[in-house]
Every structure is written in structure tokens, then in C-alpha cells.
Amino acid sequence: MSYVVLQVILKEKLWGTGSGNLTELEKAINAQAALGYRLHTITTAAAGSKGIGGGDRIQATMVFERLT
């Protein structure tokens, strides 16, 4: 079997809530699907603000399995 591991970092908006960029996650998943992979596992981790101009960050780690 063949696997691909990707990490996508989503940054929360500076003001308010919500990432505002979940389309980045969709793009990563759809790009791998177009290459013949399916999402096998996804995990997320959240981190607090990184200082000036930074909102919270969510890290999504995805494992894709090659379809045969």
C-alpha cells in the first residue's frame, strides 16, 4: 500500500471566531482525491495565539491511502 501524509495549518481570524480558510483544507483533500488517494485518517491540534497579528492556529494532519 502507498500512503501520503499532509499537514495543513489553518489560522483563525484576528478578530472574532472561525478560521475563514477551511477552503485550504478542502483543496488539499480534493487534490489528493484527484491523484487517486482517499482520506484514511485526519487528526487536528489547536494552538493559542502566536503574538501580534496572530490568531489561533489549527494543524490538520491527514493520511491518504492510494486506491488500487
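None of the values given here were measured: they were computed from a predicted structure.
Pairs engaging residues 27-48 under the salt bridge (charged side-chain N to carboxylate O under 4.0 Å, His left out) rule: E24-K27, R38-E65 [sequence neighbours left out].
Contact annotation: the side chain of L35 never approaches that of F64 to less than 4.5 Å [non-hydrogen atoms, C-beta and beyond]. M62 has its side chain out of reach of T41: every pair of non-hydrogen atoms, C-beta onward, lies at least 4.5 Å apart.
In this structure, CD1 in I42 is found 5.0 Å from CG in L25, a value given to the nearest 0.5 Å.
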Report, one line per pair, each donor and acceptor closer than 3.5 Å where one atom sits in a side chain of residues 2-9; sequence neighbours left out.
from	atom 1	to	atom 2	distance (Å)
Q7	NE2	T61	OG1	3.3

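Contacts of E26 classified as side-chain hydrogen bond (donor to acceptor under 3.5 Å, both in side chains), with partners at least two apart in sequence or in another chain: none.
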